[in-house]
Amino acid sequence: MRARPLGRTGLEVSEIGFGAASFWGHPAFPEREAARLIHRALELGVTLFDTGPAYSRGRAESRLGRALAGRDRSGLVIATKAGTFFERGRVRRDMSLSAIEASLEQSRRRLGLESLPLVHLHGPSLAELTPDFLEGLERLRGRGLFRHLGVNSFDPVVIEGALALPQVDTVMLDVNVLRPERVSLAARAAAAGKGVLAGMPLAMGHTAPPRPGDLRLSSVWYALRALKNHRADRAAGRRFRFLHGRTDITGAQALLAWVLGAAGVSAALVGTTRLEHLEDCVAASGRGLPPDLAMRIERAQAL
């Protein structure tokens, strides 16, 4: 596993990070299997783990904390979110300083950490990133609740605004083959000294051909989520089916190689409930994209 600097934070992170969210944290996915994935990721050299209090119906942070209990965390970057949480059956949002302070305290407890290495504001608006708000966050940082601050948004306007804020150390945005316009944004973020984390680098599986015989609960859960929330991306992903079925590089490795080849990207975050998929993704570290495949991706993006 190769490592890359995370902007100007002084941290280094593995090129491939583990996203502890979605079905991985769901109670229907066995705790033992979830922990096994985390432990295997550690063995493979993964040092970046991303989660959040709103993920997996509010269960992801606690599950990650239990999986890492008793492990040496000194070389790990454990990232979480603030500003959203799960309560009374749905994800709720509160970007007030008091709510964020309470959220950070809860995250420290769930993850078993004295200080959170990296906290991303989860979907803030530009209007919320006021000087008073940022000053309040700096006070929380000064108290040791967290060390580095980031902004997680799939709105390029918000990311652009965050680049001018000296309090913001990192940004997390959706970089994948379906979002080629994000490459220049990632490069501008890196030029501004921000660490860049690529969320959804596998395009949520939308480029892969359907597997009608795969009736695993996790596969059905992800398929239903795609049908409900991501119909446009699912349709766009069909243009990239050629990434899958090659003998020299797997589809996941090609997708990750494209993302990691974007200037300024520090790491790509992948989520999975399958050990073989995790190992396949980790094998993308250090891999280059075959030139013919890079050209085909570029042509498909131009359609």
Using side-chain contact (heavy atoms from CB on, under 4.5 Å), reason through Thr272 and Asp280 one step at a time and then give a plain yes or no. CA-CA 11 Å; Thr272 185; Asp280 182 26; over 6 Å; no

Go through it in stages, so that I can follow the logic: the residues are His148 and Thr170, the test is side-chain contact (heavy atoms from CB on, under 4.5 Å), and I'd like the CA-CA distance, side-chain angles, deciding distance and then a yes or no. CA-CA 8 Å; His148 300 286; Thr170 65; 5.6 Å; no

Start with the C-alpha distance between Ile249 and Arg287, add both sets of side-chain angles, then the distance that settles side-chain contact (heavy atoms from CB on, under 4.5 Å), and finish with yes or no. CA-CA 9 Å; Ile249 189 169; Arg287 289 213 62 171; 3.8 Å; yes

Apply the test side-chain contact (heavy atoms from CB on, under 4.5 Å) to residues Leu97 and Leu137: give CA-CA distance (whole Å), side-chain angles for both, the deciding distance (0.1 Å), then the verdict. CA-CA 7 Å; Leu97 283 170; Leu137 290 176; 4.0 Å; yes

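Atom OG1 of residue Thr207 and atom CZ of residue Arg239 lie 11.5 Å apart, to the nearest 0.5 angstrom. Rounded to the nearest 0.5 angstrom, Asn152 CG and Asp174 CG are separated by 9.0 Å. Rounded to the nearest 0.5 Å, atoms CG (Leu260) and CD (Gln253) are 11.5 Å apart. Atoms CD1 and CG, from Ile16 and Leu256 in turn, are 4.5 Å apart once rounded to the nearest 0.5 Å. Atom CD of residue Glu33 and atom CG of residue Leu275 lie 8.5 Å apart, to the nearest 0.5 angstrom. Of the inter-residue distances, the one linking Leu64 atom CG with Phe49 atom CZ reads 7.0 Å to the nearest 0.5 angstrom.
The closest donor-acceptor contact from the side chain of Glu15 to the backbone of Gly286 lies under 3.5 Å. Although no hydrogens or angles enter the test, the distance criterion places a donor-acceptor pair under 3.5 Å between the side chain of Arg182 and the main chain of Phe154. Arg63 places a side-chain N or O within donor-acceptor distance of the main-chain N or O of His26, the cut-off being under 3.5 Å. With hydrogens and angles disregarded, no donor-acceptor distance shorter than 3.5 Å links the side chain of Ser153 to the backbone of Ile159. At distances below 3.5 Å, not a single donor-acceptor pair connects side-chain atoms of Arg147 with backbone N or O atoms of Leu116. Between the side chain of Arg4 and the backbone N or O of Val265 there is at least one donor-acceptor pair closer than 3.5 Å. Put simply, the side chain of Arg108 gets close to the backbone of Glu114: a donor and an acceptor are under 3.5 Å apart.
Looking at Arg93 and Met95, their side chains come closer than 4.5 Å, going by heavy atoms from C-beta outward. Arg179 is listed as a side-chain neighbour of Glu181, based on a closest heavy-atom distance under 4.5 Å. With a 4.5 Å cut-off on side-chain heavy atoms, Trp258 and Leu293 do not count as touching. Under the 4.5 Å side-chain criterion, counting only non-hydrogen atoms from C-beta, Arg246 is in contact with Asp292. Contact of the Asp169 side chain with the Arg8 side chain is not registered, since no non-hydrogen atoms from C-beta on lie closer than 4.5 Å. Considering only heavy atoms from C-beta on, Lys194 comes within 4.5 Å of Val168 through its side chain. For the pair Leu76 and Leu68, the minimum side-chain heavy-atom distance is below 4.5 Å. With a 4.5 Å cut-off on side-chain heavy atoms, Lys81 and Pro53 count as touching.
Residues forming a salt bridge (Lys or Arg N to Asp or Glu O under 4.0 Å) with Glu160 (at least two apart in sequence, or on another chain): Arg188.
Counting non-hydrogen atoms of other residues, nucleotides and ligands closer than 6.0 Å to CZ of Arg36 gives a total of 12 or fewer. The number of heavy-atom neighbours closer than 6.0 Å to CD of Glu276, taken from other residues, nucleotides and ligands shown, is above 12. Environment of CZ in Arg92: crowded, with over 12 heavy atoms of neighbouring residues, nucleotides or ligands closer than 6.0 Å. Around the CE atom of Met1, the shell of radius 6.0 Å holds more than 12 heavy atoms that belong to other residues, nucleotides or ligands.
Closest approach of Val259 and Ala198 over heavy atoms only: CG1-CB, 3.6 Å. Taking both residues in full, the closest heavy atoms of Val196 and Ala190 are given as CG2-N, 4.0 Å, listed atom of the first, atom of the second, then distance. Residues Cys281 and Leu202 come closest through the heavy atom pair SG-CD1, 4.0 Å. Across all their heavy atoms, Leu278 and Leu37 have their closest contact at CD2-O, 3.5 Å. Considering every non-hydrogen atom in both Gly144 and Ser115, the closest pair reads O-OG, 2.8 Å. The two residues Ser266 and Gly195 make their nearest non-hydrogen contact at OG-CA, 4.0 Å.
In this structure, Phe242 and Phe240 have tilted ring planes: the angle between them lies in the 30° to 60° band. Ring orientation note: the planes of Phe29 and Phe23 are tilted relative to one another, at an angle of 30° to 60°.
Note on Leu104: it does not cluster hydrophobically with Phe86, by side-chain heavy-atom contacts below 4.5 Å among ILVMFWY residues. Hydrophobic cluster membership differs between Val158 and Val91, with clusters built from Ile, Leu, Val, Met, Phe, Trp and Tyr side chains linked at under 4.5 angstrom. With hydrophobic clusters built from ILVMFWY side chains whose heavy atoms lie under 4.5 angstrom apart, Val119 shares a cluster with Phe133. There is no path of hydrophobic side-chain contacts, each under 4.5 Å, that joins Tyr55 to Leu173. Both Phe18 and Leu111 are part of a single hydrophobic cluster, where members link through side-chain heavy atoms under 4.5 Å apart.
A salt bridge links Arg143 with Glu105; the closest basic N to acidic carboxylate O contact falls under 4.0 Å.
Its side chain within the 4.5 Å cluster rule, Leu11 clusters with Leu6, Val13, Leu48, Val77, Leu118, Met172, Leu197, Leu269 among the Ile, Leu, Val, Met, Phe, Trp and Tyr residues.
Defined by atom type and a distance below 3.5 Å, a donor-acceptor pair is present between the side-chain atoms of Asp94 and Ser96. A side-chain N or O of Asp72 and one of Ser74 form a donor-acceptor pair less than 3.5 Å apart.
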